[in-house]
Each structure stands twice: as structure tokens, then as C-alpha cells.
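What you see below is based on every heavy atom in this structure, not just the backbone, and it leaves out hydrogens, waters and symmetry mates. Residue numbers begin at 1 in each chain, while the letters A, B, ... track the order of the sequences.
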Number of protein chains: 2
Amino acid sequence: MKSLLEVRAKGMPMTDRDGQDADDRFGAALGQVLEVAILINEDMTKGLARDGLTEPRAHLVWELSQRGPSTQRVLADALRVSPRNITGLIDGLVATGFVTREPHPSDRRATLVTFTEQGTRAAAKMAADHREFAELLFAGMSDAQFDGLVAGLDVVLARLRAAVAAAWGDSTTSDEEVERP
Amino acid sequence: MKSLLEVRAKGMPMTDRDGQDADDRFGAALGQVLEVAILINEDMTKGLARDGLTEPRAHLVWELSQRGPSTQRVLADALRVSPRNITGLIDGLVATGFVTREPHPSDRRATLVTFTEQGTRAAAKMAADHREFAELLFAGMSDAQFDGLVAGLDVVLARLRAAVAAAWGDSTTSDEEVERP
DNA sequence: TACACTCGTGAAGGTACTTCACAATGAAGA
DNA sequence: TCTTCATTGTGAAGTACCTTCACGAGTGTA
């Protein structure tokens, strides 16, 4: 992988410098969250490699499947990378047969990135895998347990969003358009 | 970022092809988990950049802080990347003043990667940030809520570990040594 | 002493990312 | 209409990370 998440999956060795909170429940919980993130990412990445997709390309495929044929500019904004980088990713996806570049009907500068049949299949598989994966993780949990988990995640998520928003500009979900009055 | 996690943070648009589980609670929960992972990763990465560290280099610094002066071979195994890659990462960390290469006292082939003072400070800051971050996410939650979250994460983590182990060799926590009888 | 193995690195190559420069095009005002 | 300004995508150049292969230097052992 690559993700920084991997950096500290296992609990901190507690320096207990100032002695507060010596059992470190919070650190352990953070460790859990990080490990979940690592494992999910690992699983996804390896699965994608089997289908001939790298992470950035898969991300692009996913966005494309949600938006339909798009200009590279739109994709760049969606993935929050430079337009130049999209050119390279599309080059790769074209070379491996997932998408094609079609002329934009009303703007001759732009191209419409469009799925091939293989691309459509890949996107559908990603969606199916997502469902299956959610099932694997949560199916069969008691309602109480599941609800407790979701409620906890809600709190964490809210705090996380607030923290990120406070530290840098907003863009809450990480794939929103940047809009500022 | 980079992480594939980013691919599908928001819930799936339910094709309800076979109609089962039409409300998609599981998909939504997975979306939550993914978004948490994305935001944490984003936050960490940006914080590191401020300290002059990239993700892979920070990961190495973290491992080094947990193991003390180590050979590059050991670090390669710990990070699960090729020894050659470690050479490059260490080159970068040496150039930016975080570590030095000291001669190994008993093996003249090997070098002991060792923190400079700056490196020690960086590792300490990472540890402090980790604690602070856990505090930010979990402090002030009711015990019931916190316990519910942790219990849910436990279940998810167990399933995840099992799934990963089933799909590929084991190596549970992602930074274990590879050991096979 | 000879053989096999280990440590770190040069060489070569791939992907993902960035910024800067630029030609083609589009859009809107004088 | 003609000029001006903004936008689209890409070439060029450069960085970081990662891999495999080859190899010289050093270790350990029979």
C-alpha cells in the first residue's frame, strides 16, 4: 500500500509522561480504526490489481461511472488532482481498454471520456464488490451492535469533518466541488 | 492523497437488482468507515508535509522509533517493501537531516539507520500528534457510546482479518514478520 | 579454503503526481 | 466583427515511490 494509515495501526506505547489516561483507551480505539482502514485498503487494492486496475485508475473509473461521460476537466475536479494528471491516467485507461476519448459535441477543445464495454463491466464489478464487502463486514451483527457501531462512527465522523474543516478549507466529503462565494 | 479508500466514501446507489436489503444499511456503514479512513489519512498526510515528511518516509521514521537503530534489511521487512526501496527512502531522510547511516558494529556489510536530533524530535511529535488525535476523536463520548463503537470495530476487524487471511497468506497486522513453518 | 548466502546499491523501468508553457478553441465585450 | 480573455488538453521537465535484476563486498560454515 502506501497509505499513511499504516503508520500506526497498533496502539501507542504510552509514555505516561503526564500520567493522564494511563490505560490509553483512546489510543487503542484509534489503532482499531487505523487497522480497519489499512486492511480494507489492502483488500481493495489487491482485488483491483487482479482486474488490471491501479488505485488511481480505479478511482477514476468509479467517478466516471457515477457521472457518465465527462470531460477531463470535470474528472480532475472530482478527483482533486491536476488536469495534467488526468491526461496521464486516461492515457493508461485507454491503452488498457477501459475507456475511450470521444469528441465533445459542442466544445471542440474538450473530449468526453467514455466507457468501453470492458470499462462498464469493471465499474459494475466494483459496485458489486462494494456491496459484497459491506455484507461481509456487517451481516449477521445484532441490531444493537450494528447501531452502536454506526452511532459511534457518526460521532467520530462529525468531529473529523469539523477538524479537517477547521484546519484547511472545507470540502467536506473529499469529492465535492470546490465552491466559495 | 492516493488511497483507494477514497473510491467510494458515499453510499452506493443501490441497483436493487435482486431486491434484498433495499435500505442498504450496510453500504452506508461501509461508506462511513471509508470516509473516516479518508479523512484521517488526509489529515495525517497534510500534517506530515508541514514537517517535511512524505508518507513513506514518515512510516519509516515511525518504525525506526519503535525499533531503535536498525539495518535497512530490517526496515524493508517491517515496511514490507523491497530493500532497494529502503535505500531510496533513507537517502531522502539523510538528505533532509532526519537520520544518518552509522556503521554496524559487527557486520561491515550493514548500516545502522539512526535518528539525528531532528529525527528524534519528529518521531516524538508523531507520537504526540497520535495521542492528541485520539483524544480529539473519542474524548467526551459517553462510555456506552464509546464501548459500542469499540465492540463494533472489534467485530469488523475480526472479519476483516479473517477475510484477508483467507484471500492471501496471513500476516495479520500488516507489519508482522513473515513466518511460515 | 571454498561455497553459499546476505547487505546495500547501481541500472533500468513503470506509475503517479506537480508546475509551467502553449496551441486551439470558446465566449463576451468594444 | 474584431479583440481580448478564459479554458481545454497536452508537451516538457522534474520529483517521489516502487519494482526487478545484477553485482561487489562481507559473513559464516563445512
Side-chain angles (χ1 to χ4, degrees), chain A residues 1-4 6-7 41-42 45-46 48-49 52-61 63 69-96 98-114 177-178, chain B residues 1-4 6-7 41-42 45-46 48-49 52-61 63 69-96 98-114 177-178:
Chain A
M1 163 185 191
K2 288 90 228 262
S3 173
L4 212 220
E6 213 162 331
V7 166
N41 198 357
E42 233 170 57
T45 301
K46 295 203 186 179
L48 287 177
L53 284 172
T54 61
E55 294 187 22
R57 290 178 193 180
H59 193 173
L60 199 158
V61 164
E63 280 297 332
S70 310
T71 64
Q72 297 186 190
R73 178 62 173 149
V74 165
L75 293 171
D77 290 341
L79 303 202
R80 301 198 299 167
V81 298
S82 67
R84 187 59 182 88
N85 191 21
I86 295 294
T87 299
L89 294 178
I90 301 291
D91 284 351
L93 286 169
V94 168
T96 47
F98 287 91
V99 305
T100 58
R101 276 189 250 244
E102 303 297 332
H104 191 290
S106 67
D107 186 343
R108 278 186 302 172
R109 293 168 303 177
T111 66
L112 277 183
V113 181
T114 310
E177 302 294 337
V178 196
Chain B
M1 161 182 196
K2 291 88 224 271
S3 173
L4 212 221
E6 211 163 330
V7 165
N41 198 358
E42 233 169 55
T45 302
K46 294 203 185 178
L48 287 177
L53 284 172
T54 61
E55 295 187 22
R57 290 179 193 180
H59 192 174
L60 198 157
V61 164
E63 281 296 333
S70 310
T71 64
Q72 299 185 190
R73 179 62 174 148
V74 165
L75 293 170
D77 289 342
L79 305 202
R80 300 199 301 168
V81 297
S82 67
R84 187 59 184 86
N85 191 22
I86 295 292
T87 299
L89 294 177
I90 301 291
D91 284 350
L93 287 169
V94 168
T96 48
F98 288 91
V99 303
T100 58
R101 277 189 249 242
E102 304 297 333
H104 191 291
S106 67
D107 186 342
R108 279 188 300 170
R109 293 167 303 176
T111 66
L112 276 184
V113 182
T114 311
E177 303 293 337
V178 196

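Between B:S82 and D:dC18 there is no side-chain polar atom (N or O) within less than 4.0 angstrom of OP1 or OP2. At D:dC17, one or more side-chain N or O atoms of B:T54 fall inside 4.0 Å of OP1 or OP2 (strictly under the cut-off). In this structure, A:T87 reaches the D:dT10 phosphate: one of its side-chain N or O atoms is under 4.0 Å from OP1 or OP2.
Within residues 98-111 of chain B, the residues approached by DNA chain C to less than 4.0 Å at the level of any non-hydrogen atom are B:R101, B:R109, B:A110, B:T111, in residue-number order.
Of the candidates C:dG8, D:dT10, D:dT19, D:dT10 carries the atom nearest the A:Q72 side chain, counting heavy atoms from C-beta on.
Here the closest non-hydrogen pair linking B:T71 and B:L112 is N-CD2, 3.8 Å. Residues A:L48 and A:E55 share a closest heavy-atom pair of CD1-CA, 4.5 Å. Across every non-hydrogen atom of A:R73 and A:P83, the tightest pair is NH1-CG, 3.5 Å. Of all the heavy atoms in B:T114 and B:P69, the pair that sits closest is OG1-CB, 4.0 Å. Taking both residues in full, the closest heavy atoms of B:A78 and B:E63 are given as CB-OE1, 3.8 Å, listed atom of the first, atom of the second, then distance.
Rounded to whole Å, atom C1' of D:dC17 lies 14 Å from atom CG of A:N85. Atom-to-atom, CZ of A:R84 to C1' of D:dG14 comes out at 13 Å; the value is rounded to the nearest Å. The CG atom of B:D77 sits 12 Å away from the C1' atom of C:dC7 (whole-angstrom rounding). Across the protein-nucleic acid pair, B:R73 atom CZ and C:dC5 atom C1' stand 12 Å apart, rounded to whole Å. Atom-to-atom, CG of A:L79 to P of C:dC17 comes out at 8 Å; the value is rounded to the nearest Å. Taking atom CD1 of A:I86 as the reference point, atom C1' of C:dT15 lies 14 Å away to the nearest angstrom. As rounded to whole Å, 11 Å separates atom P of C:dA16 from atom CD1 of A:I90. Distance A:R57 CZ to C:dC17 C1': 13 Å, rounded to the nearest Å.
You'll find the side chain of B:R84 reaches within 4.5 Å of the side chain of B:T87, heavy atoms only.
Nearest-nucleotide mapping onto DNA chain C: of B:S70 and A:P83, the residue sitting toward the 5' end is B:S70.
With values rounded to the nearest 0.5 angstrom, B:I86 atom CD1 is found 4.5 Å from B:L79 atom CG.
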